[in-house]
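Read through the structure below, which is laid out as structure tokens, and then see the notes.
Reckoned from all heavy atoms, side chains included, excluding hydrogens, waters and symmetry mates.
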Number of protein chains: 2
Amino acid sequence: MNATYKDVKSDILSKITSGHWQPGSLIPNEIELAETYGCARATVNRAMRELADDGLIERRRKAGTRVRASPIRQARFDIPLVRREIEDKGAEYRYSLASRSIETAPDWLRTRLQLGQGTDALHLVCMHYADGDPFQHEDRWINLEVLPQARDADFSQVGPNEWLVSTIPFSTAEISFSATLADAALAGHLGCQTGDPLFTVERATWFEGSANTFVKLAYRPGHRMTTRY
Amino acid sequence: MNATYKDVKSDILSKITSGHWQPGSLIPNEIELAETYGCARATVNRAMRELADDGLIERRRKAGTRVRASPIRQARFDIPLVRREIEDKGAEYRYSLASRSIETAPDWLRTRLQLGQGTDALHLVCMHYADGDPFQHEDRWINLEVLPQARDADFSQVGPNEWLVSTIPFSTAEISFSATLADAALAGHLGCQTGDPLFTVERATWFEGSANTFVKLAYRPGHRMTTRY
DNA sequence: CCCTATATATAGTCTAGACATAAACGGAAT
DNA sequence: ATTCCGTTTATGTCTAGACTATATATAGGG
């Protein structure tokens with residue numbers, strides 16, 4: 001009686017995880033569950049809605065609610081600023097700018113971000129250190145047509161990621177993970193061997209429809225990105 | 001007037017993305033917003049709760065709701081079965097079992113999964129192909145104390161991941177991404193060069209408190225895992 | 001001046017009831 | 001059989017109001 005939505009959620013969850021309600025089977029409807037738990041239907045609804053968001057159950061009007069046959073396993077990663085990633089580990093953060101130049105966007109970048117011909121871009125190469133050791137190499141391109149103020153910004157002290165966060169209120173992004181090989185330049189910056197495998201994150205972000213930046217982040221060898229679900 | 005929670009949510013979102021409500025600034029409280037949008041407080045609450053879940057705003061009782069200074073950028077990845085990953089691309093899926101053996105769990109595995117000494121484990125090495133080309137190499141360990149029925153299961157036709165999904169109703173997992181170098185054995189299976197960088201996923205899963213399986217998945221060279229947010 | 005009780009503002013949740021919407025079902029017309 | 005249409009049913013959402021929990025602010029006491 002008087003169950004909260006969390007009570008309901010965890011009870012249903014345990015019925016699923018224990019196998020009491022088999023994958024594919026139909027769960028009682030909201031009205032019945034509300035009676036069972038002695039609460040309002042809205043309370044059951046919230047519990048079920050969250051379970052559906054988590055990918056554990058599948059709901060359809062009129063058809064009812066079923067335990068998913070194969071639960072969608074979705075992992076949620078927090079992608080923090082490098083500074084926070086390092087400071088959260090209790091290490092001291094240091095930043096340095098390796099190079100800065102203004103170039104017309106190369107073809108691969110124009111394709112990737114759907115830019116017009118002859119678009120100027122600011123190209124930055126930076127390093128992020130944790131307790132003095134190389135942690136992440138950043139290869140950044142900023143679209144100067146959308147962000148002309150980047151031309152005059154000083155990136156020698158503050159990293160472009162932090163500058164962007166404070167300049168652009170919000171943006172949508174496409175992010176992808178892969179593995180790349182350290183070339184001579186990367187190895188030099190990261191203090192590793194040429195040929196080392198590096199975990200790499202690439203991110204393109206858009207603000208109000210037009211691309212503003214693309215970045216390739218290479219982590220030091222051995223880096224892992226971990227999460228639980 | 002008569003705004004739905006989606007209306008409210010998207011209106012607030014646009015006020016944030018447009019910079020109308022600056023990062024760090026305080027958003028009107030729920031009662032005021034309810035009056036503004038001409039709806040019930042619960043409707044505003046749902047909109048705001050979802051925005052908070054998305055990491056765009058920060059809410060605290062009494063203190064009110066603020067636009068996040070640096071939005072938590074969280075990416076959500078769906079981790080499908082390899083079969084689906086391949087079939088969704090429109091390619092033909094093929095599976096093969098490369099080796100099968102029963103071994104006492106090696107030290108690194110016992111540490112990783114917190115197993116007792118002398119625990120027996122089923123060790124499987126498999127390959128997943130897309131249109132005949134090597135797609136993913138699977139190095140799987142199954143805890144035979146928790147899943148003794150794996151001893152008699154036939155993994156020559158059905159991959160261990162699919163067998164596990166149908167055997168264990170649900171489980172919690174720890175997943176991590178990294179980059180590894182192809183050794184001779186891996187290169188042979190994946191048809192690539194020794195020394196190629198491979199995007200690698202490791203996953204340990206638990207069922208009702210005890211670890212049941214650990215897997216290391218190495219993708220063919222060049223593989224990317226992509227998402228939008 | 002610092003510490004502690006108390007007041008207060010705000011988000012968090014619950015309720016009972018209502019109406020909206022999508023989808024499955026069954027029967028009727030083709 | 002197949003298509004179409006109304007009925008039914010379960011989820012989806014909204015409302016007005018109430019109570020709860022928590023963090024902050026303030027006033028009072030040592």
Residues passing the side chain to side chain donor-acceptor pair (under 3.5 Å) test with Ser210(A), sequence neighbours excluded, are none
Rounded to the nearest angstrom, tell me the gap between atom [atom1] in [X] and atom [atom2] in [N].
X        : N       : atom1 : atom2 : answer
Glu50(B) : dG12(C) : CD    : C1'   : 15 Å
Leu26(B) : dT24(D) : CG    : P     : 12 Å
Leu33(A) : dT15(C) : CG    : P     : 14 Å
Glu35(B) : dA16(D) : CD    : P     : 12 Å

Taken in chain and number order and not counting sequence neighbours, the residues that satisfy salt bridge (charged side-chain N to carboxylate O under 4.0 Å, His left out) with Glu30(A) are Arg41(A), Arg59(A)
Residue pairs passing the salt bridge (charged side-chain N to carboxylate O under 4.0 Å, His left out) test with at least one member in residues 10-24 of chain A, sequence neighbours excluded, are Asp11(A)-Lys15(A)
With B for base contact, S for sugar-phosphate-only contact and - for none (protein heavy atoms under 4.0 Å), nucleotides 7-14 of chain D reads -BBBBBBS
Tell me which donor-acceptor pairs under 3.5 Å the side chains of residues 139-146 of chain B have, and how far apart each pair is, sequence neighbours excluded?
residue	atom	partner	partner atom	Å
Asp139(B)	OD1	His123(B)	NE2	2.7
Arg140(B)	NE	Glu138(B)	OE2	2.9
Arg140(B)	NH1	Thr213(B)	OG1	3.1
Arg140(B)	NH2	Glu138(B)	OE2	2.9
Asn143(B)	OD1	Glu145(B)	N	2.9
Asn143(B)	ND2	Ala211(B)	O	3.0

| request: Classify the ring geometry between Phe177(A) and Phe199(A) as parallel (under 30°), tilted (30 to 60°) or perpendicular (over 60°). | output: tilted
Which pairs would a plain distance check flag for residues 153-161 of chain A, meaning a side-chain donor or acceptor within less than 3.5 Å of a matching protein atom at least two apart in sequence or in another chain?
residue	atom	partner	partner atom	Å
Asp154(A)	OD1	Ser156(A)	N	3.0
Asp154(A)	OD1	Ser156(A)	OG	2.7
Asp154(A)	OD2	Ser156(A)	OG	3.2

